[in-house]
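Here's the structure, in structure tokens; my notes come after.
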Amino acid sequence: MQLAALLWCALPQATASAPAIGRFVDVSAEAGILANAQFGPAPERKQWILEVNGGGVGLFDGDGDGDLDVWLTNGSTLEALRDGKPGAGNTIWRQAAPFRFEDATKESGVAGSLWGNGVAIGDVDNDGDLDVLVAEFGPERLFVNDGKMHFTEVGEKAGFTDPRWSSSAAFFDADADGVLDLFVGNYLRFDLENPPPYGGDSQWRGKPVMRGPRGLVRDTNSFYRGVGLREGLPIFEDRSEASGIAKAPASYALGVTTLDFDDDGDSDIFVANDSEPYFLFVNDGKGNFTEKAQELGCALGDHGSTNSGMGVAAGDLDGDGRFEIAVTNFSNQPDNVFRFDGRYFSDRASMLGIGGPTTPMLGWGCRFLDADLNGWLDLFIANSHVYPEADLPGTDTRYAQGCQLFLNQQPVKRFLDASAQAGLAVPRLHRGAAFGDLDGDGDEDVIVSLLHGAPIVLRNDLTSGRAWLALELRGTKSNRSGVGARVRLTAGGRVRVAEHQPASSFQSSNEPYVRFGLGDLAEADEITIRWPSGTVDTIRKIKTRQRLVITEGSAPHQSPPEK
């Protein structure tokens with residue numbers, strides 16, 4: 001066992017004397033989401049790197065009934081992909097009642113993907129409903145929604161013809177023109193006809209394993225500017241080079257999110273790279289980017305270590321109005337939590353009590369969420385290894401792993417590892433994770449994709465009647481989805497800051513709302529929204545325990561009641 005893992009074992013662990021908390025309850029059987037993920041022929045044999053990253057999860061209201069529905073990507077086998085045969089394809093699941101889902105794939109027209117990875121969701125045509133992009137091994141596919149959960153695939157017509165292997169993607173308005181743009185993280189060059197051989201000099205812990213990413217060809221990322229509608233279809237133009245995105249060194253991109261880290265009114269891009277320094281693309285407000293992670297201190301982990309980043313999350317953990325960035329990493333690499341002091345980032349994962357317990361794990365999907373609605377953001381991480389060989393003797397880890405929950409212990413500025421108490425230690429082959437309120441009780445539930453098998457649906461039972469607010473933002477001058485809007489909420493003598501950006505975690509898209517936990521407060525004093533257009537709306541004296549629809553430049557009204 002490495003030194004970092006030994007040091008963690010010596011630290012005080014959560015015990016029976018720790019504060020009692022609720023649980024995340026596995027309600028997968030009742031939920032009925034039966035989509036069987038397939039990435040390669042079997043979970044116990046991973047011959048090529050194409051088979052190990054798995055799929056993503058998207059949570060959104062696809063049919064406008066006020067409930068969250070679920071989009072899942074899926075893979076296939078290398079042989080079927082090489083022959084152009086249909087894979088398992090995307091599936092979409094309509095929520096008919098809280099935690100009860102019906103397969104709506106056939107009538108929705110969403111299945112057409114050969115090998116899907118990431119999910120990005122946004123209103124690309126500004127018509128009031130949410131559309132879906134799937135990052136693929138091959139050109140991205142764009143599914144335009146008619147508002148009733150019927151989709152038309154228009155990827156090629158919209159301008160997506162790049163055949164490379166893309167992992168994660170994010171919609172955002174880079175130039176504040178009211179039309180969503182798109183960042184796509186490309187992973188690596190994989191030759192279907194001549195896949196890299198298993199084993200040989202590709203070794204891990206003295207055991208032969210599949211090859212990659214190191215030793216395989218790195219790739220550059222893509223940026224597409226949304227230019228509006230043409231003959232009724234959303235059109236995107238490739239500005240990867242012109243924007244500066246493709247000028248960054250080729251790397252192995254996996255997790256992606258956008259955030260306005262420097263609070264200058266535009267969205268920047270953070271990319272978790274596998275086995276390479278991370279990227280932070282700083283926006284000049286006009287959709288031109290400069291990569292500055294090294295300069296700003298968030299390219300490398302603590303002690304200057306290069307890690308293998310998978311998932312990424314952003315949020316204000318300590319209430320200073322600035323966003324921390326979490327990155328999940330390979331086993332024997334602690335996950336990162338970068339704190340920004342206004343000038344530079346520094347990795348505080350170990351100081352916060354997160355670095356040690358994540359060191360033996362291999363992390364994928366993640367999220368800063370207020371799991372217990374006490375007003376402070378916590379951290380959820382989905383874990384499992386890439387190598388089936390991790391179950392062999394002498395590895396100090398395992399192939400199937402549990403999820404983790406770290407509860408924010410403000411004001412002591414430490415996190416409590418509550419994974420076991422919260423019921424998350426069950427080992428599985430977790431991958432992408434999406435977060436949202438599936439039953440209307442105000443807290444965020446979780447759906448986690450598996451490398452093989454149906455996804456896991458976790459109901460959040462950590463809270464007991466605590467207060468909350470959820471905001472559904474509708475842009476007018478800004479993009480219709482309100483993506484990139486910054487929200488400042490004042491309540492109970494505290495100020496909390498959040499940003500609307502569903503794209504984060506790993507290859508996934510979270511609920512399209514901005515959500516705050518508010519403890520026992522019956523009312524919030526003030527909400528200020530800075531829209532991407534620069535418009536500022538202020539609302540005062542807001543009752544808690546409700547979801548509000550807020551339209552740019554107008555008074556809010558309550559959304560349809562959730563079931």
Side-chain angles (χ1 to χ4, degrees), residues 19-35 37 56-62 65-72 91-103 313 364-374 377-383 402-407 418-428 430-450 453-470 502 505 508-513 515-519 545-547 561-563:
I21 63 169
R23 298 172 64 83
F24 278 95
V25 178
D26 185 348
V27 295
S28 307
E30 303 96 295
I33 302 178
L34 303 178
V57 184
L59 287 179
F60 71 122
D61 182 1
D65 66 352
D67 298 318
L68 291 175
D69 308 303
V70 181
W71 185 293
L72 298 169
T91 58
I92 190 167
W93 300 80
R94 178 183 286 110
Q95 188 171 189
F99 296 104
R100 299 289 189 276
F101 293 87
E102 299 171 346
D103 188 352
W364 299 92
C366 58
R367 169 81 157 168
F368 288 134
L369 75 163
D370 189 352
D372 52 5
L373 298 182
N374 70 347
L377 292 180
D378 311 302
L379 177 61
F380 184 107
I381 301 172
N383 300 297
C403 295
Q404 291 173 297
L405 177 67
F406 295 94
L407 293 177
S419 311
Q421 300 99 305
L424 295 173
V426 179
R428 304 183 184 95
H430 303 106
R431 287 299 186 264
F435 302 77
D437 182 4
L438 294 174
D439 54 359
D441 66 352
D443 55 34
E444 291 185 69
D445 311 296
V446 191
I447 298 184
V448 187
S449 69
L450 301 185
I456 302 303
V457 182
L458 299 174
R459 187 185 69 219
N460 184 347
D461 286 352
L462 270 71
T463 62
S464 179
R466 284 179 170 165
W468 53 279
L469 272 173
S505 186
S508 297
S509 187
N510 303 309
E511 65 170 9
Y513 312 124
R515 187 173 297 276
F516 296 92
L518 290 165
R545 296 181 173 86
Q546 63 172 323
R547 193 176 89 216
E562 300 185 13
K563 296 178 181 178

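If you read the sequence from its start, that first residue is 1, and numbering goes on from there.
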Next on the checklist: Please evaluate residues Leu379 and Leu405 with respect to the criterion side-chain contact (heavy atoms from CB on, under 4.5 Å), reporting the C-alpha separation (whole Å), side-chain torsions for both, the decisive distance (0.1 Å), and the verdict.
Outcome noted: CA-CA 6 Å; Leu379 177 61; Leu405 177 67; over 6 Å; no
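- Leu68 pairs in a side-chain contact (heavy atoms from CB on, under 4.5 Å) with only one of the listed residues (Trp93, Phe101, Tyr513), which is Tyr513.
- The shortest non-hydrogen separation linking Phe24 to Glu444 is CE2-O, 3.9 Å.
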Checklist entry - Would Val426 and Asp26 count as a side-chain contact (heavy atoms from CB on, under 4.5 Å) if you check the C-alpha gap in whole Å, the side-chain angles of each, and the deciding distance to 0.1 Å? => result CA-CA 10 Å; Val426 179; Asp26 185 348; over 6 Å; no
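- Between Arg459 and Asp439 there is no salt bridge, since no side-chain nitrogen of the basic residue lies less than 4.0 Å from a carboxylate oxygen of the acidic one.
- In this structure the side chain of Val27 never reaches within 4.5 angstrom of the side chain of Asp445, judged on heavy atoms.
- In this structure, Asn510 and Arg367 approach most closely via the heavy-atom pair ND2-NH1, 3.3 Å.
- One distance of note links CD1 of Ile92 with CG of Asp69; it measures 6.0 Å at 0.5 Å rounding.
- Contact record, Ser505 with Gly365: OG-CA, 3.2 Å, taken as the closest heavy-atom pair.
- Contact check for Leu469 versus Gln546: side-chain heavy atoms found under the 4.5 Å cut-off.
- At a threshold of 4.5 Å between non-hydrogen side-chain atoms, the residues Asp103 and Leu34 do not count as touching.
- Across Ala313 and Phe368, no two heavy atoms sit closer than the pair O-CE1, 3.7 Å.
- Annotation: side chain of Leu72 is in contact with side chain of Ile33 (closest heavy-atom distance under 4.5 Å).
- At a threshold of 4.5 Å between non-hydrogen side-chain atoms, the residues Phe406 and Ile381 count as touching.
- Ser449 and Pro455 get closest at one heavy-atom pair: CA-CB, 4.2 Å.
- Looking at Val25, Val446, Val70, Leu438 one by one, the single match for side-chain contact (heavy atoms from CB on, under 4.5 Å) with Val457 turns out to be Leu438.
- A salt bridge does not link Arg466 with Asp370: every distance from a Lys NZ or Arg NE/NH1/NH2 to an Asp or Glu carboxylate oxygen is 4.0 Å or more.
- Considering all non-hydrogen atoms of both residues, Glu511 and Asp437 come closest at OE1-N, 3.0 Å.
- Side-chain contact between Phe435 and Leu458: absent, with no pair of heavy atoms (C-beta onward) separated by less than 4.5 Å.
- Looking at Leu450 and His430, their side chains come closer than 4.5 Å, going by heavy atoms from C-beta outward.
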Checklist entry - Under the side-chain contact (heavy atoms from CB on, under 4.5 Å) criterion, do Leu373 and Leu518 qualify, and how do the steps go? => result CA-CA 6 Å; Leu373 298 182; Leu518 290 165; over 6 Å; no
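- To the nearest 0.5 angstrom, Leu424 atom CG is 6.0 Å from Ser419 atom OG.
- At least one side-chain heavy atom of Arg545 sits under 4.5 Å from a side-chain heavy atom of Trp468.
- A distance-only check finds no donor-acceptor pair linking the side chain of Asp443 to the backbone of Ala371 [under 3.5 Å].
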Next on the checklist: Run the side-chain contact (heavy atoms from CB on, under 4.5 Å) test on Leu369 and Leu377 for me, step by step, so that the C-alpha distance in whole Å, both residues' side-chain angles and the decisive distance to 0.1 Å come before the verdict.
Outcome noted: CA-CA 5 Å; Leu369 75 163; Leu377 292 180; 5.5 Å; no
